[in-house]
Amino acid sequence: MPEGPELHLASLFVNKVCEGVVFTGPVTKSAVSKNCDVSFICEAYRIQASSRGKEVKLTLTPIKSDVKEGSTEQTMDIVFRFGMSGYFRFTSEDELPKHAHLRFFSNEKPCRVLSFVDTRRFGSWQPNGSWQRGRGPCVMFEYESFRKKVLSNLSNRAFERPICEALLNQNYFNGIGNYLRAEILFRLSIPPFVQARTVLESLELEDLAADTTPEKEELDDQKTSDRESKRTSQPADLLRLCHTVPLEVVNMGGKGYDPQKADYSDFQAWLRCYYVAGMKSTRDHNGRTMWFSGDSGPMVPKECKSTKAKKRVKKEDNDAAMVAEIVPKVKTEKCVKQEARNGKTGLRKRKVKQEGEVTRTCDNTRCLRSNKTSEAR
DNA sequence: CGTCCACGTCTAC
DNA sequence: TAGACCTGGACGG
């Protein structure tokens, strides 16, 4: 599910299914979850949701006339982060999904359950929570303050990173994730490993394209491969695309990134770069896969020029490294693992550019296969 | 069977 | 800036 658009779609989903529904009793947690208990007990309450960047807030509101002994009586906000696999579902009690880790019960007979489902359990919730400190304005719904915050903090060291890595910094780009950074940079043909400050320092605080309709942007985007003609037509710049590209996903009306769902094919067709056949991919400095086309930019992680001699490689990895035959002892463990992977699988299925350069080109096999699977559903 | 990979944070050296 | 935190699907042998 989970980048900004999916979180927002989740909040829309909750508001839709919970409209007019009265919830009751305790909020229960799965035995296996390490997150907080939610000590909210109320005979009758409603649930509303809102989103900001990569967080969703549920507001539990007691229905006044029904307040009884033992009820909490107070409104409670619970703030969720979705990790890699979180989402909400609304089902009957006996159809509770596997990995439903937090559950809210309706007062209907038979009752229905709003549940927070999270297969990998990287997600979290905070009872009586508020939007996390250190996360900036939402790229979708607080666009002006998002833009202002970025452009008035360009001297910050965060912007010394490559632009593709800065885009994952939720202090400035709350809502952007791995597929969005690829799609956004691809639309503007910005090499992912150019220093963020370099890319952003020429942008104006005021968004001159703010009046441009999405349709117009779309046309501009298609026909203007030369940057010069963009000036007069005031095209969308990088920060604006951080706003409009996620909104495209929201407005598609599907579920966004969710390979398990039948309507995933719409989302898949929308993707122009991320996991698309023929695109290149490489690991960024944090080990995340960056999808792009064309030039990678100067700050691309090189052939693991490690600055300091590192700890010995773990035995398993060492074996793999020996097989690959290309790993000097000074490399970091992450590099070793990565190259070991290239040696074992990457080199076979994907083209590796030059010696040591870890840029790969998607050769279609995996992409086409996943196409087939999703169509088959 | 085993290995790799995935939409993201966190936190401990 | 490495892991750690998790489950499960795709793929290879």
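Scope of the values below: all heavy atoms of this structure, side chains included, with no hydrogens, waters or symmetry mates. Throughout, protein chains are lettered first and strands after them, A, B, ... in sequence-line order, and every chain is numbered starting at 1.
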> For Tyr264(A) and dG9(C), what is the distance between atoms OH and P respectively, to the nearest whole Å?
Replying inline: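 Rounded to whole Å, this separation is 15 Å.
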>> Output the rounded distance in Å from CZ (Arg121(A)) to C1' (dT9(B)).
In response: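 The distance from CZ of Arg121(A) to C1' of dT9(B) comes to 16 Å, rounded to the nearest Å.
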In chain order, what residues pass the side-chain hydrogen bond (donor to acceptor under 3.5 Å, both in side chains) check against [X], with sequence neighbours excluded?
X         : value
Glu204(A) : none
Asp77(A)  : Thr59(A)
Arg135(A) : Gln132(A), Gln170(A), Asn174(A)

Got a sec, which residues hit salt bridge (charged side-chain N to carboxylate O under 4.0 Å, His left out) with [X], two or more places apart in sequence or on another chain?
X         : result
Arg197(A) : Glu160(A)
Glu165(A) : Arg161(A)
Asp37(A)  : Lys29(A)
Asp237(A) : Arg147(A)

> What residues in residues 159-177 of chain A put a non-hydrogen atom under 4.0 Å from any atom of DNA chain B?
Replying inline: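 Of all residues in residues 159-177 of chain A, the ones placing a heavy atom under 4.0 Å from DNA chain B are Gln170(A), Gly177(A).
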With rounding to the closest Å, how many angstrom separate the [atom1] atoms on [N] and [M]?
N      : M       : atom1 : result
dC4(B) : dG13(C) : C1'   : 14 Å
dC5(C) : dC13(B) : P     : 12 Å
dG3(C) : dC5(B)  : P     : 16 Å
dT9(B) : dG9(C)  : C1'   : 23 Å

>> For the base of dC5(C) and the side-chain ring of Phe122(A), does the geometry meet a stacking cutoff of under 5.5 Å between centres and under 30° between planes?
In response: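 Phe122(A) vs dC5(C): stacking yes.
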Of the nucleotides [options], which one has an atom closest to the side chain of [X]?
X         : options                 : answer
Arg81(A)  : dC10(B), dT9(B), dT7(C) : dC10(B)
Met84(A)  : dC10(B), dC7(B), dT7(C) : dC7(B)
Lys54(A)  : dC5(B), dG8(B), dC7(B)  : dG8(B)
Arg288(A) : dC5(B), dT7(C), dG8(B)  : dG8(B)

May I ask you to check whether [X] and [Y] place their ring centers less than 6.0 Å from one another?
X         : Y         : answer
Tyr274(A) : Phe292(A) : no
Phe122(A) : Phe82(A)  : no
Phe116(A) : Phe80(A)  : yes

Counting just side-chain N and O atoms, does [X] come under 4.0 Å of either OP1 or OP2 of [N]?
X         : N      : value
His285(A) : dA2(C) : no
Lys98(A)  : dT7(C) : no
Gln132(A) : dG8(B) : no
Arg120(A) : dA6(B) : no
Ser85(A)  : dC7(B) : no

>> Just to be sure I follow the notation: if a pair is Watson-Crick (purine N1 to pyrimidine N3 plus N6-O4 or O6-N4) or a G-U wobble (N1-O2 and O6-N3), each under 3.5 Å, what dot-bracket string does DNA chain B give, with | for pairs to another strand?
In response: ||||||.|||||.
>> Using a 4.0 Å heavy-atom cut-off, does Arg181(A) contact any base of the nucleic acid, only the sugar-phosphate backbone, or nothing at all?
In response: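 Contact class for Arg181(A): none.
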> Which pairs pass side chain to side chain donor-acceptor pair (under 3.5 Å) with one or both residues in residues 105-114 of chain A, sequence neighbours excluded?
Replying inline: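 Listed once each, the pairs are Ser106(A)-Glu108(A), Glu108(A)-Arg112(A).
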Look for any protein N or O under 3.5 Å of an N or O in nucleotides 11-13 of chain B and output each such pair with its distance, or none.
none

>> Applying ring pair (Phe, Tyr, Trp, His ring centres under 6.0 Å) as the test, list every pair that has at least one member in residues 42-63 of chain A; sequence neighbours left out.
In response: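 Those involving residues 42-63 of chain A are Phe23(A)-Tyr45(A), Phe40(A)-Tyr45(A).
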